[in-house]
Amino acid sequence: GGGSISSNAFRPDPHTMAAGPHAPCPIHRHAQARPTALALWTPDRRWTYAELDAAVAATGRHLRERGWADGARVALRLPRGPALVMLLWALWREGAVAVPISTRLPDAEAWRATNRLHARGLVTRNREALSEEDGGADAVPPESLVVRDVTGSAASTPRPIRRRATILFTSGSTGHPTAVLHSWASHLYSAKGANANVPLQAGDRWLLSLPLYHVGGLAILVRCALVGAAVAVPDRDASIAKAAAPTGATHLSLVPTQLRRLLDARQGRAPGRVRAVLVGGGPIPSGLLRRGADRGWPLHTSYGSTEMASQITTTSPGASLTDLQTAGRRLPHRRVRIAEEGHIFVAGPPLCMGLIEGGTLRDPREDGWYPTGDVGHFDAQGRLHVQGRVDRQFVSGGENIQPEAIERALEQIDDIERAVVVAVPHETYGHRPVAFVRAQGPLRPEAWRRTVSTSLPKFKLPDAIHALPDAAVDDSLKVDHEALRQRARRE
């Protein structure tokens with residue numbers, strides 16, 4: 001309807017084994033070498049590599065018949081699940097560009113994102129998102145759009161490795177999400193470097209605990225496909241604690257909020273079958289790391305970005321608590337350097353092809369290096385310490401203050417689970433820090449200020465400490481700093 005198709009149109013054909021025109025595809029490779037090995041687990045069905053390969057091939061034929069191949073962009077607004085997994089692999093196999101869109105976006109904004117990127121179609125289960133009424137003036141049926149490649153006409157014969165693969169949106173920490181264009185090579189080399197650090201092998205299962213419109217979720221698919229491991233898709237409403245056991249997951253990818261909920265739900269030690277828990281997506285409170293490490297969870301802390309196709313640095317297996325309080329060491333196929341004033345620059349094969357701005361593709365590199373917008377340093381052991389965002393730094397009484405340093409000091413206190421510091425205008429000093437915390441018990445601002453005064457200079461002590469509202473932090477731990485600044489000024 002309206003030039004779009006429902007995901008229900010893609011029905012697996014278990015008798016088809018075609019690899020598609022742009023092989024090699026890792027799914028097809030394992031289907032030939034290990035056809036009966038588990039590739040995809042769901043509560044309702046298990047797919048072997050042979051069955052998944054057949055489903056991807058059948059889906060690819062539907063895409064090609066609609067002209068959704070060879071560089072065409074296709075927007076995907078679907079919940080994580082087998083339909084979305086098959087669509088992604090089919091699009092990549094057919095040389096198309098997948099544009100995963102957050103299922104949390106309002107219908108009208110999903111339409112606008114599809115149109116802005118000149119996508120050939122929008123695949124969704126929400127039929128309301130397909131109506132012009134919901135999209136307003138921008139709601140043009142996607143197939144009627146002119147398909148344009150950001151650097152010229154669409155490629156007719158894309159190469160298997162260097163072809164364009166995805167357009168992903170950043171989390172929007174600066175207030176406006178950016179569209180990031182990746183090649184298949186970006187995802188491939190990101191996965192290779194990650195697998196070199198965290199062992200993953202055939203027979204393992206990685207829980208798909210992150211949405212596939214985030215780079216962390218997509219990375220799970222590629223890492224598993226490279227080695228012939230299985231992706232375990234949990235029930236949509238199941239918590240991580242309830243999903244880990246029935247899926248038989250050996251590997252988990254979590255944001256700190258998910259790790260906290262997992263530790264709250266499971267009071268005992270970590271299950272023996274779980275060999276790795278990768279934690280990223282934001283600052284990780286020290287107390288949370290201590291809880292996980294004390295219970296034997298095999299934690300890995302990491303630092304990454306959408307622009308670098310996921311992880312940049314990660315701690316190694318068996319990391320000590322001291323190691324876990326860093327972002328770990330540089331992974332293979334990445335380069336990292338610290339420039340003036342501690343600015344972190346990165347480079348290497350996982351780096352994106354560019355940022356899409358309007359109808360153009362902008363190369364974000366500066367002399368071959370991408371400025372992450374973060375500040376940090378390497379210690380003598382080669383571990384990266386990420387101190388915070390450049391755009392969060394402020395000046396108080398002539399002194400530079402990085403809010404993340406105050407947050408880390410507060411989170412060292414046992415009864416503080418999470419701390420967020422914002423700058424509030426001040427007549428005398430220009431700006432002053434105000435903290436919001438999530439605590440296990442009642443607020444004790446003065447006691448906490450005395451505690452952090454032993455590790456922070458006086459000018460960094462927060463002028464006030466308030467309770468952190470739940471609405472200010474979403475499930476992926478992204479913080480609405482502007483809302484907290486306004487709240488701090490009111491209080």
Worksheet item: Distance-only, no hydrogens or angles: does the Asn197 side chain make a donor-acceptor pair with backbone N or O of Thr315 under 3.5 Å?
Response: yes
Worksheet item: Any donor-acceptor pair under 3.5 Å linking the side chain of Arg330 with the backbone of Val336?
Response: no
Discussion item. Rounded to the nearest 0.5 Å, what separates atom CD in Glu417 from atom CZ in Arg260?
Written reply: 5.5 Å
Fill in: Short side-chain to backbone donor-acceptor contact, Thr372 and Ile344, under 3.5 Å
yes
Worksheet item: Hey, does the side chain of Ser183 reach the backbone of Ala185 with a donor-acceptor pair shorter than 3.5 angstrom?
Response: yes
Item to complete: Search all heavy atoms of Trp448 against all heavy atoms of Leu443 and return the closest pair with its distance.
Response: CH2-CA, 3.6 Å
Discussion item. Would you say that Leu181 contacts Cys352 through its side chain, given a criterion of any heavy-atom pair below 4.5 Å between the two side chains?
Written reply: no
Fill in: Check: Val279 main-chain N/O paired with Ser302 side-chain donor or acceptor under 3.5 Å
yes
Fill in: Results of ring pair (Phe, Tyr, Trp, His ring centres under 6.0 Å) for Tyr303 - residues two or more places apart only
none
Worksheet item: From Tyr370 OH over to Arg335 CZ, what is the distance, rounded to the nearest 0.5 angstrom?
Response: 15.5 Å
Discussion item. Tell me which one of Asp323, Thr313, Thr326 satisfies side chain to side chain donor-acceptor pair (under 3.5 Å) with Arg383.
Written reply: Asp323
Worksheet item: When you look at Arg290 and Asp414, which way does the salt bridge (charged side-chain N to carboxylate O under 4.0 Å, His left out) test go after all the steps?
Response: CA-CA 10 Å; Arg290 285 196 300 270; Asp414 289 340; 3.3 Å; yes
Practice prompt. Mind running side chain to side chain contact (heavy atoms under 4.5 Å, CB included) on Ser190 and Val222 for me, showing each step along the way?
Written response: CA-CA 9 Å; Ser190 174; Val222 184; over 6 Å; no
Worksheet entry | side chain to side chain contact (heavy atoms under 4.5 Å, CB included) evaluation trace for Arg275 with Leu200 | CA-CA 9 Å; Arg275 301 206 314 275; Leu200 181 67; 5.6 Å; no
Discussion item. Applying side-chain hydrogen bond (donor to acceptor under 3.5 Å, both in side chains), can you list everything that pairs with Ser396, at least two apart in sequence or on another chain?
Written reply: Arg432
Worksheet item: Any side-chain donor paired with an acceptor under 3.5 Å for Glu411 and Ser286?
Response: no
Item to complete: Tell me, yes or no, whether the heavy-atom count around Tyr429 atom OH, taken from other residues, nucleotides or ligands under 6.0 Å, exceeds 12.
Response: no
Worksheet entry | Atom pair OG1/OH of Thr103 and Tyr213 - distance to nearest 0.5 Å | 4.5 Å
Worksheet item: Donor-acceptor pair, Arg392 side chain versus Val421 backbone, under 3.5 Å?
Response: yes
Practice prompt. Keeping the roles fixed (side chain from Thr301, backbone from Ala327), state whether a donor-acceptor pair exists under 3.5 Å.
Written response: no
Worksheet item: How are the rings of His333 and Tyr189 set relative to one another: parallel (under 30°), tilted (30 to 60°) or perpendicular (over 60°)?
Response: perpendicular
Worksheet item: Going by heavy atoms in the side chains, are Arg487 and His466 under 4.5 Å from each other?
Response: no
Fill in: Pairwise side-chain contact, Val395 with His431, heavy-atom cut-off 4.5 Å (strictly under)
no
Worksheet item: Do any N or O atoms from the side chain of Arg80 and from the backbone of Ser209 form a donor-acceptor pair under 3.5 angstrom?
Response: yes
Discussion item. Checking Asp264 against Arg291 for the salt bridge (charged side-chain N to carboxylate O under 4.0 Å, His left out) test, could you report, in this order, the C-alpha distance in whole Å, the side-chain angles of both residues, the deciding distance, and whether it holds?
Written reply: CA-CA 10 Å; Asp264 288 345; Arg291 287 175 61 195; 2.8 Å; yes
Discussion item. Distance check, rounded to the nearest 0.5 Å: Arg334 atom CZ versus Met308 atom CE?
Written reply: 6.0 Å
Worksheet item: Side chains of Val231 and Trp206: closer than 4.5 Å at any heavy-atom pair?
Response: no
Fill in: Non-hydrogen atoms of Phe169 and Ala179 that approach each other most closely
CE2-CB, 3.9 Å
Worksheet item: Can you tell me how far the OG1 atom of Thr178 sits from the CD1 atom of Ile167, to the nearest 0.5 Å?
Response: 12.5 Å
Worksheet entry | Gln412 side chain reached by Arg408 side chain, heavy atoms, under 4.5 Å | no
Worksheet item: Shortest non-hydrogen contact from Asn400 to Lys460?
Response: O-CE, 4.4 Å
Worksheet item: Is there side-chain contact between Leu351 and Arg365, with heavy atoms separated by less than 4.5 Å?
Response: yes
Worksheet item: Under 4.0 Å between a Lys/Arg side-chain N and an Asp/Glu carboxylate O for Arg116 and Glu109?
Response: yes
Worksheet item: How far apart are the closest heavy atoms of Ala293 and Leu324, and which atoms are they?
Response: CB-CD1, 4.4 Å
Discussion item. Can you tell me if Arg337 has over 12 outside heavy atoms packed within less than 6.0 Å of its CZ?
Written reply: yes
Worksheet item: Is there a donor-acceptor pair under 3.5 Å between the side chain of Glu399 and the backbone N or O of Phe459?
Response: no
Worksheet entry | Non-neighbouring partners of His187 that pass ring pair (Phe, Tyr, Trp, His ring centres under 6.0 Å), sequence neighbours left out | His182
Item to complete: Please name the pair of heavy atoms, one in Arg266 and one in Pro271, separated by the smallest distance, quoted to 0.1 Å.
Response: NH2-CG, 3.4 Å
Fill in: Leu484 vs Leu468, side chain to side chain contact (heavy atoms under 4.5 Å, CB included): CA-CA, chis, key distance, verdict
CA-CA 9 Å; Leu484 291 180; Leu468 178 63; 4.0 Å; yes
Item to complete: For the residue pair Val123 and Leu84, establish whether any side-chain heavy-atom pair is separated by less than 4.5 Å.
Response: no
Worksheet item: Hey, does Arg261 have a side-chain heavy atom less than 4.5 Å from the side chain of Gln258?
Response: no
Practice prompt. Verify, without hydrogens or angle tests, whether His300 (side chain) and Ala319 (backbone) share a donor-acceptor contact under 3.5 angstrom.
Written response: no
Worksheet item: Just wondering, are more than 12 heavy atoms of other shown residues or ligands nearer than 6.0 Å to CD in Glu341?
Response: no
Item to complete: Mind listing the closest non-hydrogen atom pair of Val85 and Leu221 along with its distance?
Response: CG2-CD2, 4.2 Å
Worksheet item: In Å, rounded to the nearest 0.5 Å, how long is the span from CZ of Arg77 to OG1 of Thr114?
Response: 8.5 Å
Item to complete: For Arg223 and Val198, run side chain to side chain contact (heavy atoms under 4.5 Å, CB included): C-alpha distance rounded to whole Å, both residues' side-chain angles, the deciding distance at 0.1 Å, then the answer.
Response: CA-CA 10 Å; Arg223 286 197 295 261; Val198 177; over 6 Å; no
